[in-house]
Amino acid sequence: MKLKYKKAKHKRYHSLTQKMIVIIISSTLLSTLVFITIFYFFSRNQAIENNIIETEKALKISTQNMDYYLKNSIDGARSIYLHPDILALLAKREKGNFTSEELEHIERYLSSIYYSNTSSVQIHLMAFRSNQSFLFRAKNMQFSHRTKNYFEGDLKKVPALNTVTLIPTHEIDSYEHILFFQTPEEKQNDVFTICFPIFNLPKSDDPLGMIEIDFPISFFNENCQLLYSKGQEMYIVNQDNIVMAASNSCKILSKSELPSSSFAKIVSNETRYSIEGQNLWVGQVLNSNYFDWILLKKVSLHSILNETLSQMLFLLLIVSFSIVIATFFSISLLARYTQTLKTITNFINILSETDGWEGDNTISSSIHYKENDEILSLITSFDKMFKQLNYHIAIQYQLKIDTLKANFDALQMQINPHFIYNSLQSFATRALEKNDLEQYRLISSFGQMLHYAMATQPELVTLEEEVLYCKRYINLQQMRFKMEAEISYQISPETKTFPLPRLTLQPLVENAIIHGKILQKTFSSLILTSYIADAFLCIEIIDNGNAITDIKRLEIVTAIEDIRKHFMEIFLNQKTQDSILLNLSQCSFTEERKKIDKKSCHALGLKNVYLRLLIYFGPECSFDIYSNNYDGTTVCMKIPLSKVSGLSEANQLGQIASWTSE
């Protein structure tokens, strides 16, 4: 099976400045586009709403004007009740018996109605009793009368007292009167008519006649001039959407262009406007006292948005100019910062190419950056990193020197032990030749102890080996002091294979013999015990010799705690295994540590034991010394099982680094 390898594609280099400029310009254009879109739709809706509000205001004024003029005409017609002589003329039952003076009276009455509202075209008066029809044509100030028979059916069509009726748009009618100066065009004019009955009061059921006042359709256009402007169309339609009046007279009596569904919503007040294609239709019912028609206003959306577009273009120019200036300023500021980053990059590249990490190479000495921001923090961090690199380089050199020195010392130590072992072996042989078995046993035991103590590898041994070494040591000490003590080894079987640093227990046993003086007293005893409790390996050395004093205990415990603190300060601040070993080799626990050692040099063995426990098993290890119930002293060590389990020579140094990072 052949493996196919793809060549790594190196991406084209793009500087941070280019990327940031692209991001700034893209985000600016996107923000501008979003702003224009939102502003356009907001302005469009606002323009439509403003147009609707203006239409409603103008409509209210126009309706009030139309009602005012129509009311004046009706009030003029109702003034007949203030002229009893005219009522008497209408009450006459003689047909055609009107004198010129009476006709002049009626003409003056009809003209007074016209003068109350000069918008009317003609006024028609019907006299039911005398079967007379009177017509006053306002345009030419013509007055005419003729006989017309009115029947019972005509009287039944007369509205109730004080009721005004409206006849929708229709062609003007001469009511069969013959008028002078009448032109064909006049017959084509469209008008609407207001009808008002005249009764013989107080008999409200006895109609004398009825007045019909014709108004031109232009009456609506003149009173609705506020509603529309050039390029806009106005329609007044009835409930069937038939045009009663319009700004375009050609569309009168035809159906409006507004769809029936939209028209129905406007009539029912479900909506105020409707957009059909590119046109806005604004509709509202005319709240008039005389008609319930609907006003429709047709406006081109383009004309509504013309002003809005002009405002938007002006605002867009201002915003665009501001954005260009802000972008230019941002790019200039960005170029300044990225130039500093570029200088830092070049500085580091030069160091990498020339391998010039050694010496006082700092970025701050080459770049004078005055701002207090992330770039300054970066420069400071790089300077610290360079200093640490120099420090670690120095450590590497020192380690090489120490390694060479250690190798030399090891070669030399291979010679000295060899001579000592040979000498001891000669002594043991001579003792055996003289049958001095005790002397042979002691010399042989001492040789084995010496071999164990001077061995450098492995650094960790089992608890069982440490106990065996202690037994040999105690045997030699018993020979020295010519006294024997009761020695007890209570080693829990599961703890025998647990690793310990070489020569951990012997200094503690020696402390009991030298300071506790158990081999200088009768009935002395020493108990060495190990067990597991609460996830800790516990080792205790208990004697009934001289008990430790409180002052001495406080001095030792304080020294132990100080060692722990200084140990933590040194090792937690070291980030590499090499720097840890260097500090161990130099034993540089600060001047304060040295003062502690001078004060309590007699506890040096205890402190060395504790220090090695810290190195291998971490800060969770504990070490304590106190007087016991046997009038002697107890030394107690506790080692966490999590650090003890599985620890071997192969991972000793790894264990040191692992707990320092926890």
Side-chain angles (χ1 to χ4, degrees), residues 445-478 485-514 516 518 525-543 560 563-564 603-626 628 632-656 658-659:
S445 179
F446 177 71
Q448 292 175 355
M449 285 183 59
L450 189 61
H451 181 270
Y452 180 86
M454 297 185 68
T456 58
Q457 296 295 332
E459 296 181 9
L460 293 178
V461 297
T462 63
L463 175 62
E464 186 175 18
E465 290 178 294
E466 276 291 288
V467 172
L468 180 59
Y469 180 78
C470 288
K471 288 181 179 180
R472 291 169 178 166
Y473 172 76
I474 292 173
N475 290 335
L476 289 176
Q477 290 293 349
Q478 286 179 337
E486 184 181 350
I487 310 300
S488 175
Y489 301 96
Q490 300 177 8
I491 307 301
S492 179
E494 64 267 21
T495 64
K496 288 183 179 181
T497 58
F498 280 6
L500 286 177
R502 188 182 294 270
L503 297 178
T504 298
L505 300 183
Q506 184 271 335
L508 306 181
V509 173
E510 181 180 2
N511 200 57
I513 294 174
I514 302 301
I518 60 172
S525 64
L526 178 70
I527 302 174
L528 197 156
T529 179
S530 67
Y531 57 91
I532 296 175
D534 299 329
F536 281 88
L537 168 63
C538 301
I539 301 175
E540 294 180 354
I541 298 176
I542 306 168
D543 65 67
I560 291 293
I563 287 177
R564 182 181 182 278
L604 183 61
L606 299 180
K607 291 186 289 183
N608 285 339
V609 169
Y610 179 60
L611 179 58
R612 288 191 295 157
L613 292 180
L614 287 177
I615 292 174
Y616 285 101
F617 304 113
E620 296 181 12
C621 295
S622 64
F623 188 96
D624 197 7
I625 183 170
Y626 51 88
N628 54 38
T633 303
T634 298
V635 177
C636 179
M637 296 184 296
K638 290 185 178 180
I639 304 172
L641 292 180
S642 59
K643 306 298 182 182
V644 174
S645 180
L647 187 64
S648 63
E649 179 183 0
N651 63 3
Q652 291 168 11
L653 296 180
Q655 183 70 8
I656 298 174
S658 67
W659 67 258

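Keep in mind that the numbers below use all heavy atoms, side chains included, and drop hydrogens, waters and symmetry copies.
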Exercise for the section: Under the side chain to side chain contact (heavy atoms under 4.5 Å, CB included) rule, collect the residues that match up with L468, sequence neighbours excluded. Expected result: R472
Completion exercise
Test side chain to side chain contact (heavy atoms under 4.5 Å, CB included), reference F623, set K607, M637, R564, K638, output is M637
Practice task
Can you measure from CG (L463) to CG (L537) and round to the nearest 0.5 angstrom?
Solution key: 6.5 Å
Practice task
With rounding to the nearest 0.5 Å, note down the distance linking CD in E465 to CZ in R502.
Solution key: 7.5 Å
Exercise for the section: Using modelled atom types only, decide if a donor and an acceptor are shared between the side chain of E540 and the backbone of S530 within a distance under 3.5 Å. Expected result: no
Practice task
Work out which heavy atom in Y489 is nearest to a heavy atom in V467; give both atom names and the distance.
Solution key: CD2-CG1, 3.7 Å
Fill in the blank from the handout: The single option from L528, T529, N511 that satisfies side chain to side chain contact (heavy atoms under 4.5 Å, CB included) with I541 is L528
Practice task
Output yes when a side-chain donor or acceptor of Q506 lies under 3.5 Å from a complementary backbone atom of L503, and no otherwise.
Solution key: no
Practice task
Spell out, as yes or no, whether a donor-acceptor pair under 3.5 Å connects the side chain of N475 to the backbone of K471.
Solution key: yes
Problem - Side-chain (D543) to main-chain (L526) donor-acceptor, under 3.5 angstrom - result: no
Practice task
Please report the shortest heavy-atom distance between P501 and Y616, naming the atom on each side.
Solution key: CG-CD1, 3.7 Å
Exercise for the section: Considering non-hydrogen atoms only, spot the tightest contact between T495 and S492 and give its length. Expected result: OG1-O, 2.6 Å
Problem - Set of residues satisfying side chain to side chain contact (heavy atoms under 4.5 Å, CB included) with respect to A533, sequence neighbours excluded - result: Y531, C538
Fill in the blank from the handout: CD1 (I474) and CD1 (I518) are apart, to the nearest 0.5 Å, by 6.5 Å
Problem - Separation of L508 CG from C636 SG (nearest 0.5 Å) - result: 11.0 Å
Practice task
Begin from the C-alpha positions of I639 and F498 and carry the test side chain to side chain contact (heavy atoms under 4.5 Å, CB included) through to its verdict.
Solution key: CA-CA 10 Å; I639 304 172; F498 280 6; over 6 Å; no
Handout entry: E486 CD: over 12 foreign heavy atoms closer than 6.0 Å
Key = no
Exercise for the section: First locate atom OG1 of T504, then atom CG of N608, and finally report the distance between them rounded to the nearest 0.5 Å. Expected result: 11.0 Å
Completion exercise
Separation between OG1 (T634) and OH (Y626), nearest 0.5 Å, reads 5.0 Å
Completion exercise
Heavy-atom nearest pair, E494 first then I532, reads CG-CD1, 3.6 Å
Handout entry: Partner of E466 by side chain to side chain contact (heavy atoms under 4.5 Å, CB included), out of L505, I539, I491
Key = L505
